[in-house]
Amino acid sequence: MNDQVQTEEKKVIEIPDFLTVRQLAETLDLSPIVVIKELMQAGVMANINQQIDFDTAAVVAEEMGFQAKEETPIGEEIDEEGPALLWERLYASEAPEDLEIRAPVVTILGHVDHGKTSLLDAMRETNVQASEAGGITQHIGAHQIEHNGRSITFLDTPGHEAFTAMRARGANTTDIAVLVVAADDGVMPQTVEAINHAQAARVPIIVALNKIDKATAQPETVKQQLAEMNLVPDDWGGETLCVSVSAKQKTGLEDLLEAILLVADSTEIKANPNRPAVGTVLEGQLDRTRGSTATLLVQNGTLHVGDVVVASLAQGRVRRMFDEQGRSIEQAPPSTPVLILGLSDVPNAGDMFKVVPDEQIARAIVAKREEAKKAREARPVKAFTLDDFSSRIQAGQIKELNLILKTDVQGSIEPIVNSLEGLGNEDLKANIIHAAAGNINESDINLAIASQAIVLGFQVHPDPAARRMAENEGVDIRTYDIIYHIVDEVDKALKGLLEPTYVDVIIGEAEVRDTFHIPKTGTIAGCFVRRGEVRRNAKVRVIRDSQLIHDGHVSSLKRFKQDVREVRTGFECGVGLDDFNDFEVGDMLQFYVKEREEVA
């Protein structure tokens with residue numbers, strides 16, 4: 001009993017994968033001599049500056065009355081409870097007195113042709129002239145603007161898809177989103193998507209009403225549309241700052257920059273510049289003359305030339321560092337975008353980076369990550385499904401169900417959304433983070449990954465790229481033909497009553513390359529199997545120009561006039577379907593089987 005009490009009273013300490021004897025002594029608040037003696041008793045001969053691994057350090061800690069816990073490096077793993085990467089821990093561990101105001105990081109989103117790029121260029125050109133700089137000599141995916149003695153960092157992302165793709169990888173880079181809406185065009189489908197993606201990321205939104213100089217501009221009409229999207233303008237009594245600008249005339253830019261700083265001040269954007277740097281990779285590239293290069297956004301700490309950096313499976317010492325104007329710099333404080341040289345490999349956009357003590361530790365971390373990657377790839381991807389949600393409700397682990405809805409036509413959205421929003425109660429509800437007409441695409445899957453959402457399709461299907469991504473990332477896609485089936489399943493999930501269901505599992509895809517008419521049999525499709533395998537006992541969807549033409553059963557499957565049970569990737573075959581003869585060259589045949597989905 002006494003032993004049990006002593007165990008419960010042990011102080012828990014976090015220990016990294018590798019550390020020196022001196023660092024372990026400081027962590028345990030003991031003399032290094034005491035730690036060295038304890039290591040000798042364990043059969044390890046080490047001096048004060050020698051590195052030891054976690055297991056060795058844990059033995060010493062346990063002997064000295066501590067309970068050792070392996071430290072989770074910031075940005076290295078995704079929280080099981082959601083895709084919000086452990087970036088909250090980035091600042092949570094900092095003492096309040098160590099934090100200082102940093103430049104806000106801004107992403108510009110909006111509908112195509114509404115002037116996102118023009119607005120960025122206008123602000124950049126104005127700033128370059130004001131600072132008498134000789135012009136930007138290289139593009140590094142981000143740039144800083146000075147306004148009233150303060151810096152603002154703008155990310156040059158192509159759109160909300162890239163914004164959410166990075167967030168799906170765990171990169172929470174943006175502090176503020178500027179939504180560009182053309183005053184003469186209003187809220188368009190991509191505007192709605194951008195709003196939904198920014199709101200899902202819980203990022204403050206500032207609206208830039210662009211093209212206000214046009215005679216056809218209708219700012220009040222646009223504000224009404226925005227209000228209907230829960231973005232009530234500040235001059236209407238709401239909380240969304242709405243600034244009228246003209247990228248062409250370069251008017252309103254000062255007001256927009258002031259609005260950004262105002263929102264930044266209200267959200268207290270801070271960081272600790274006096275610590276090793278951590279942040280996000282914005283771009284990675286292989287340069288013929290300079291080798292692997294990476295554009296990094298420093299989010300906490302300060303990055304120096306000579307620091308050793310680890311970014312996913314890339315590592316190395318920073319040999320040189322450049323700002324957006326191509327100037328060589330020695331250090332980069334928080335919110336600074338920089339191009340660095342010296343990494344062993346090209347990292348991916350969205351990868352986290354951090355500074356570690358030396359190259360030996362960096363190589364050890366990368367080796368461990370490679371092992372973990374192989375282990376993840378070896379095990380099947382576990383999707384977050386409606387059944388999982390149902391079981392988590394019963395266990396009291398979750399209170400909100402994030403949903404992405406795609407429908408065949410715009411008119412189907414409102415009745416489905418209204419029905420779903422009426423389900424549940426204040427403590428447990430469905431949260432529709434995005435609803436739009438059209439097939440399920442990769443952007444939807446990225447948003448689902450980032451928000452841990454279920455994708456619902458009404459009379460639509462995922463395109464092949466989206467389906468592959470969903471299978472690889474474990475995203476649950478549910479498609480329906482009847483509205484009340486959607487409502488019924490979501491209602492059961494919210495009540496924790498959902499039973500395991502049978503789901504369609506794609507086993508192969510084949511392309512129709514020729515057609516043959518056989519008397520008394522019908523039309524046979526001469527096919528080439530492009531992925532997976534086709535089976536005699538499977539069901540088949542006929543897809544033409546991304547539209548579902550037919551859904552039925554295989555009536556015959558042949559290879560060289562012989563009946564076969566299955567045909568695999570890279571081989572040709574003849575396929576006949578029950579009650580369908582209208583094959584056309586170029587049709588895609590999607591073979592699937594129904595499998596029972598187990599509750600976790």
Side-chain angles (χ1 to χ4, degrees), residues 109-112 114 159-161 163-164 177 179 181-182 185-202 205 207 221-232 240 385-386 389 400-424 428-463 465-467 469-470 475-494 545-548:
L109 305 173
H111 186 75
V112 66
H114 276 202
H160 59 268
E161 294 92 345
F163 167 78
T164 303
L179 179 71
V181 185
D185 207 9
V187 173
M188 301 295 284
Q190 282 186 322
T191 316
V192 175
E193 285 193 21
I195 292 171
N196 290 335
H197 285 229
Q199 289 177 336
R202 292 178 171 83
I205 298 173
V207 175
T221 301
V222 178
K223 289 179 181 179
Q224 177 63 46
Q225 294 173 334
L226 292 168
E228 292 171 0
M229 296 292 299
N230 295 320
L231 293 179
V232 182
T240 302
T385 66
L386 273 179
F389 181 83
E400 189 174 68
L401 174 59
N402 289 334
L403 299 173
I404 294 169
L405 174 66
K406 298 301 290 286
T407 64
D408 54 344
V409 292
Q410 194 72 25
S412 300
I413 295 175
E414 187 174 353
I416 297 176
V417 169
N418 289 341
S419 298
L420 294 177
E421 287 182 340
L423 303 176
L428 184 63
K429 61 182 180 179
N431 177 31
I432 300 163
I433 60 177
H434 178 55
N439 278 337
I440 298 164
N441 55 39
E442 287 180 282
S443 177
D444 301 319
I445 304 304
N446 268 322
L447 183 57
I449 298 167
S451 308
Q452 201 168 28
I454 308 295
V455 181
L456 305 178
F458 176 67
Q459 293 188 348
V460 295
H461 292 278
D463 59 42
R467 182 175 291 280
M469 179 184 282
V475 173
D476 187 16
I477 300 176
R478 301 240 172 173
T479 57
Y480 305 87
D481 294 321
I482 301 173
I483 290 180
Y484 82 79
H485 285 170
I486 302 177
V487 178
D488 186 48
E489 283 208 355
V490 174
D491 186 39
K492 286 181 178 178
L494 289 170
D545 297 328
S546 299
Q547 299 295 317
L548 178 65

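- The side chain to side chain contact (heavy atoms under 4.5 Å, CB included) test applied to Asp463 returns Asn441, Ala465, Ala466, not counting sequence neighbours.
- Applying the side chain to side chain contact (heavy atoms under 4.5 Å, CB included) criterion to Val232, with sequence neighbours excluded, gives Ala227, Trp236.
- The shortest side-chain heavy-atom distance between His485 and Asp488 does not fall under the 4.5 Å cut-off.
- Residues passing the side chain to side chain contact (heavy atoms under 4.5 Å, CB included) test with Gln410, sequence neighbours excluded: Ile413, Ala437.
- Side chain of Asn418 to main chain of Glu414: a donor-acceptor pair is present (N/O by atom type, distance under 3.5 Å, no hydrogens or angles).
- The nearest pair of heavy atoms linking Ala198 to Ile205 is CB-CD1, 3.8 Å.
- In this structure, the side chain of Gln459 does not engage the main chain of Asp408 through any donor-acceptor pair within 3.5 Å.
- Residues satisfying the salt bridge (Lys or Arg N to Asp or Glu O under 4.0 Å) criterion with Lys223, sequence neighbours excluded, are Glu220, Asp235.
- The main-chain N or O of Gly457 is never found under 3.5 Å from a side-chain atom of Lys406 such that the two would form a donor-acceptor pair.
- Looking at heavy atoms from C-beta onward, Ile440 lies out of side-chain contact with Arg467 at the 4.5 angstrom threshold.
- Annotation: side-chain hydrogen bond (donor to acceptor under 3.5 Å, both in side chains) contacts of Thr240 (sequence neighbours excluded): none.
- Each of Val490, Ile432, Thr479 was scored for a side-chain contact (heavy atoms from CB on, under 4.5 Å) with Leu456, with one residue passing: Val490.
- Side-chain contact between Ile404 and Ile433 is present, with heavy atoms from C-beta onward closer than 4.5 Å.
- Distance check: Asp481 CG to Ile486 CD1 gives 9.0 Å after rounding to the nearest 0.5 Å.
- Across all non-hydrogen atoms, the minimal contact from Thr407 to Val409 is OG1-O, 2.8 Å.
- Shown here for Ser419 and Val487, the closest heavy-atom pair between the two residues is CB-CG2, 3.6 Å.
- Between Leu231 and Leu179 the shortest side-chain heavy-atom distance falls below 4.5 Å.
- When side chains are defined from C-beta on, Val475 does not count as touching Met469, because their heavy atoms never get closer than 4.5 Å.
- Sequence neighbours left out, the pairs with a member in residues 429-449 that pass ring pair (Phe, Tyr, Trp, His ring centres under 6.0 Å) are His197-His434.
- Checking each of Leu403, Asp476, Ile477 against Val455 for a side-chain contact (heavy atoms from CB on, under 4.5 Å) leaves exactly one that passes, namely Ile477.
- To the nearest 0.5 Å, atom CG of residue Asn196 and atom CE of residue Met229 are 5.0 Å apart.
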